[in-house]
Amino acid sequence: MKATAKAHTNIALIKYWGKRDEALILPTNNSLSVTLDGFYTTTTVSYKPELTKDTFTLNDEVVVGEQYNRVTNFLNKVRDIAGKQLYAEVKSINAVPTAAGFASSASGFAALAAAATKAIGLSLTESELSRLTRQGSGSACRSIFGGFAEWQKGEMEDGSDSFAVPVAPKDHWDIRVAAVVLNAKMKKLSSRSGMKRTVETSPFFKGWVESIPSDLEAIKQGILERDFHKVGEVAEANCLKMHATTLGANPPFTYWLDTTMSVMQTVQELRSTGVPAYFTIDAGPNVKVLYLPQDEEKVLETLRNISGVTDVRLSRVGQGIKYLEDEELV
Ligand code: PMV
């Protein structure tokens, strides 16, 4: 009754921003992401009859409070599906530096869902696993797949048709992503609270939702044709649109810092010199830059020289869920 799984984080090129059902985590729009090989979580789940509650360690430290509750609530769903009332020991190792501004919840819940279901004896299809993972953290449902994946919002009230599907595999296209880490000391408004406030109060939210289908169609075509300019342009514009909705919220807010804008401007200047590079930003101040392998040196040098940038972490396109044997545990 033990299994280990590894999942990579993902970065959305078309953002998930807004829920239509808070409890089931059902989105108002489809989203599309690329899975990244540089940032991942490895999780071992062992069900043990002698346990009287679940235990959870992250990087060898015992986790309590809200983070623990999210894990144990998720395990309740797995127990319900399996019809088994066994508590589990959960051990996660995160290779997602929190400072890089990636939501480790994406790789975290994808790895947890895969390990917890396998260890309890369920054999789910990838769609079923994605649908279950969604209920731990929305964006995590895309991390079941490698390469490029689309989370289809679905129409059903019970969420049964809301899960991710593959768009193109890892080896389809070698694009790169640089995570630009800023010296940020801002108190973060969680994506959960930020999107809720936006849905409830921003007059721009309607426009955001209406603009998604054409962005999605364009980016999928760009990915399939390996048209970097098209993919970059659509992704950058979609990110700006998402962040614009937060300025219309009440009270208004933004995730950007002055250094966030410096990086954005530098990327656009770099592009005007003929180097194709595009940015995207999630619910935080750090910037992710998309570029092609031949421009790596130039992009890295430019990003590192921006004042306020503390680190730049590079990543390639990553793979989907992988189940590990004990001896592979690294
Ligand atoms: O799944 P969450 O609650 O971490 O929300 C993710 C929201 C964004 O990162 C801003 C966009 C996305 O699609 O990942």
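Treat the numbers as computed from the prediction; the structure is a model and nothing was measured. In listed order, ligands and their atoms are each counted from 1. In this chain, residues are counted from 1 in sequence order.
- The N/O atoms of Lys15, backbone and side chain alike, include none that comes under 3.5 Å of an N/O atom in ligand 1.
- Side-chain contact check for Trp17 and Thr28: no donor-acceptor pair (N or O, by modelled atom type) lies under 3.5 Å.
- Interface of Asp282 with ligand 1, defined as ligand atoms under 4.0 Å from a residue heavy atom, comprises 8 (C), 9 (O), 10 (C), 11 (C).
- Inclusion of Asn10 in the set of residues having an N or O under 3.5 Å from an N or O of ligand 1 is not warranted.
- A salt bridge does not link Asp21 to Lys19: none of the charged nitrogens lies less than 4.0 Å from a carboxylate oxygen.
- By the 4.5 Å side-chain criterion applied to Ile, Leu, Val, Met, Phe, Trp and Tyr, Val165 is assigned to a cluster that also includes Phe163.
- Contacts between Arg192 and ligand 1 below 4.0 angstrom, taking non-hydrogen atoms only, are absent altogether.
- At a heavy-atom cutoff of 4.0 Å, ligand 1 is contacted by the side chain of Arg142 but not by its backbone.
- Other residues, nucleotides and ligands contribute at most 12 non-hydrogen atoms within 6.0 Å of the CG atom of Asp60.
- Listed by atom number, the atoms of ligand 1 under 4.0 Å from Gly138 heavy atoms are 1 (O).
- Below 4.0 Å from some heavy atom of Ala283 lie the following atoms of ligand 1, by number and element: 10 (C).
- In summary, the atoms of ligand 1 found under 4.0 Å from a heavy atom of Ser137, numbered by their order in the structure, are 1 (O).
- Within ligand 1, the atoms closer than 4.0 Å to a non-hydrogen atom of Ala12 are 12 (C), 13 (O), 14 (O), numbered from 1 in the order shown.
- With sequence neighbours excluded, the residues satisfying salt bridge (charged side-chain N to carboxylate O under 4.0 Å, His left out) with Lys206 are Glu210.
- Paired with Val289 under the rule side-chain contact (heavy atoms from CB on, under 4.5 Å), one option of Thr302, Leu270, Leu314, Val180 passes, and it is Val180.
- Contacts between Ser191 and ligand 1 below 4.0 angstrom, taking non-hydrogen atoms only, involve the side chain exclusively.
- For the pair Lys241 and Phe204, the cation does not sit on the ring face, since its NZ or CZ is not both under 6.0 Å from the ring centre and inside 45° of the axis.
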